[in-house]
2 protein chains.
Amino acid sequence: MRKGEETRAKILDAAEAAVLAKGFGGTSIDELIVETGITKSGFFYHFRDKNELAKALLERYIENDERIYDEIFGRARELADDPLQAFLIGLKLLAELLSDLPNGHPGCLVATMCTQERAFDREIQEMNRQAALMWRRRFAAMFRDIMQVYRPREALDADQLADMVSTVLEGGIVLSKALKEPQSLPDQLLVFRSFVRLLFQPAA
Amino acid sequence: MRKGEETRAKILDAAEAAVLAKGFGGTSIDELIVETGITKSGFFYHFRDKNELAKALLERYIENDERIYDEIFGRARELADDPLQAFLIGLKLLAELLSDLPNGHPGCLVATMCTQERAFDREIQEMNRQAALMWRRRFAAMFRDIMQVYRPREALDADQLADMVSTVLEGGIVLSKALKEPQSLPDQLLVFRSFVRLLFQPAA
DNA sequence: TGCACTCCTGTACCGCCGGTAAAGTTTTCT
DNA sequence: AGAAAACTTTACCGGCGGTACAGGAGTGCA
């Protein structure tokens, strides 16, 4: 029972790295079993087909993603009582974490799967949608807290501001990969941070 | 000679749609020749291999992309002498164009190719990098023009602000695909527009 | 001790796909 | 009319996703 989960995790590790590097269609089961050190039959013992691998991959990724945000913004909340300060600290902590990744951000599975949507079934597309909605809910709650204390200088929707966090992260990942400049991602996040500070800064 | 280019364009059209929908690895040559109505040998007459197809695809995409930006921000420049107003008008025109796409944005080839980077050779990765650098140069020039007239309320780098345009576009594409809300992309662009207006708005 | 269950391996097979090779045919330009 | 361009036809190769099924090794427990 423990052994099985270990092998499964090894397959998922290899698959995640491969999918983020070459796309889902570009990742072969054969290369995964070579890297994991099992046989093809062993692979199909754990996953009925490639689509179920994708599902497991995405499920695990989203859980981990949520955990990271919980930690960072939970910690930020401990460091400041003020919701705006807490959010700004959270963005900074996140930027630092992204800056410390040795080879840059490996890529977002949600992004790779929704930009190759026709390669997956509806269940996966729905998981992707739910993930994006969870991001929205999380950050929209923070913006609403901020708006109860500070008046924004422009009337912007909390949901749209929340989506901006996801947008900057996803876009920053793409841009830093295209440019081959890993630092672009944390830099973009900090530019967004400046915008948020400006938005809620009281008029002089 | 004309006929050849026509067939080539038909293959590229089919390929672009398929790659943006399913990823490069998920797109088969067989499906392209069925849709185009030619034989497999006919395909290989036009493209030595799949990688050369990718190269031609990206080349055409980037040229078209540049043309669109030239048109939109050229037109914006005609409508306003002030560089800030021109840029804000350009963003609005772009948001309107994106809003009018019937099935949402089909996706960005630069993004799909750099999130599947290991599936392509160095030449393509370099083309991707140059495309992102061209975006940066284009928008950085606009921000520098703006900064010669307006003083930003926060000291932000013109290059990083320029990258923010690409970031919001790329991230907006991902988010609107994940959420299955095409309107998110133009909305995000308009949120960014508000930030830019706020940044260069003279202190009251 | 033995049985069941989990966790695999081994073997054999299928059809699709990317790609190659080479000869032949039609269409288009000059 | 002739050359060059733009294909078609046929035949083939190895890799990959996937199926089927038999067998075996390690573990937990009755």
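Just so it is clear: chains get the letters A, B, ... in the order the sequence lines come, proteins before strands, and each one is counted from 1.
Side-chain N/O atoms of B:His46 include one lying less than 4.0 angstrom from OP1 or OP2 on D:dC7. Distances shown here put a side-chain N or O of A:Thr7 below 4.0 Å from the OP1 or OP2 atom of C:dC8. Using a 4.0 Å cut-off, no side-chain N or O of A:Ser41 falls inside it from OP1 or OP2 of C:dT9.
Atom-to-atom, CD of A:Glu31 to C1' of D:dG17 comes out at 13 Å; the value is rounded to the nearest Å. Spacing between atom CZ of A:Phe44 and atom C1' of C:dC7 amounts to 16 Å, rounded to whole angstrom units. The interatomic distance linking A:Ile33 (CD1) with D:dG18 (P) rounds to 13 Å, in whole Å. Computed from coordinates, the A:Lys50 NZ to C:dC17 C1' distance equals 12 Å when rounded to whole Å. Separating the NZ atom of A:Lys22 from the C1' atom of D:dG15 is a distance of 13 Å, rounded to the nearest angstrom. We find that CZ of B:Phe47 is positioned 11 Å from P of D:dC7, with the value rounded to whole Å. Computed from coordinates, the B:Tyr45 OH to C:dG18 P distance equals 22 Å when rounded to whole Å. In this structure, A:Asp49 atom CG and D:dC16 atom P are separated by 18 Å, rounded to whole Å.
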Exercise for the section: In sequence, state the C-alpha distance, the side-chain angles, and the governing distance for A:Phe195 and A:Met164, and then conclude on side-chain contact (heavy atoms from CB on, under 4.5 Å). Expected result: CA-CA 11 Å; A:Phe195 280 137; A:Met164 195 61 149; over 6 Å; no

Exercise for the section: Let me see the working for B:Gln183 and B:Ser176 under side chain to side chain donor-acceptor pair (under 3.5 Å), right down to the final yes or no. Expected result: CA-CA 7 Å; B:Gln183 192 55 34; B:Ser176 63; over 6 Å; no

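Checked against C:dC17, D:dG17, C:dT9, the side chain of B:Ser28 finds its nearest nucleotide in C:dC17. Of the candidate nucleotides C:dG18, C:dC8, D:dG18, D:dG18 has the atom nearest to the side chain of A:Ile29.
Residue A:Arg48 is in sugar-phosphate contact alone, with no base atom involved, counting any heavy-atom pair closer than 4.0 Å across all strands shown. Using a 4.0 Å heavy-atom criterion, one finds that B:Thr27 contacts the sugar-phosphate atoms exclusively.
With hydrogens and angles disregarded, a donor-acceptor distance shorter than 3.5 Å links the side chain of B:Lys50 to the backbone of B:Thr27.
Look at A:Glu71 and A:Arg67 and you find a salt bridge, because one of the NZ, NE, NH1 or NH2 atoms lies within 4.0 Å of a carboxylate O, short of that distance. Classification of B:Lys22 and B:Glu31 as a salt-bridged pair holds, one side-chain N sitting under 4.0 Å from a carboxylate O.
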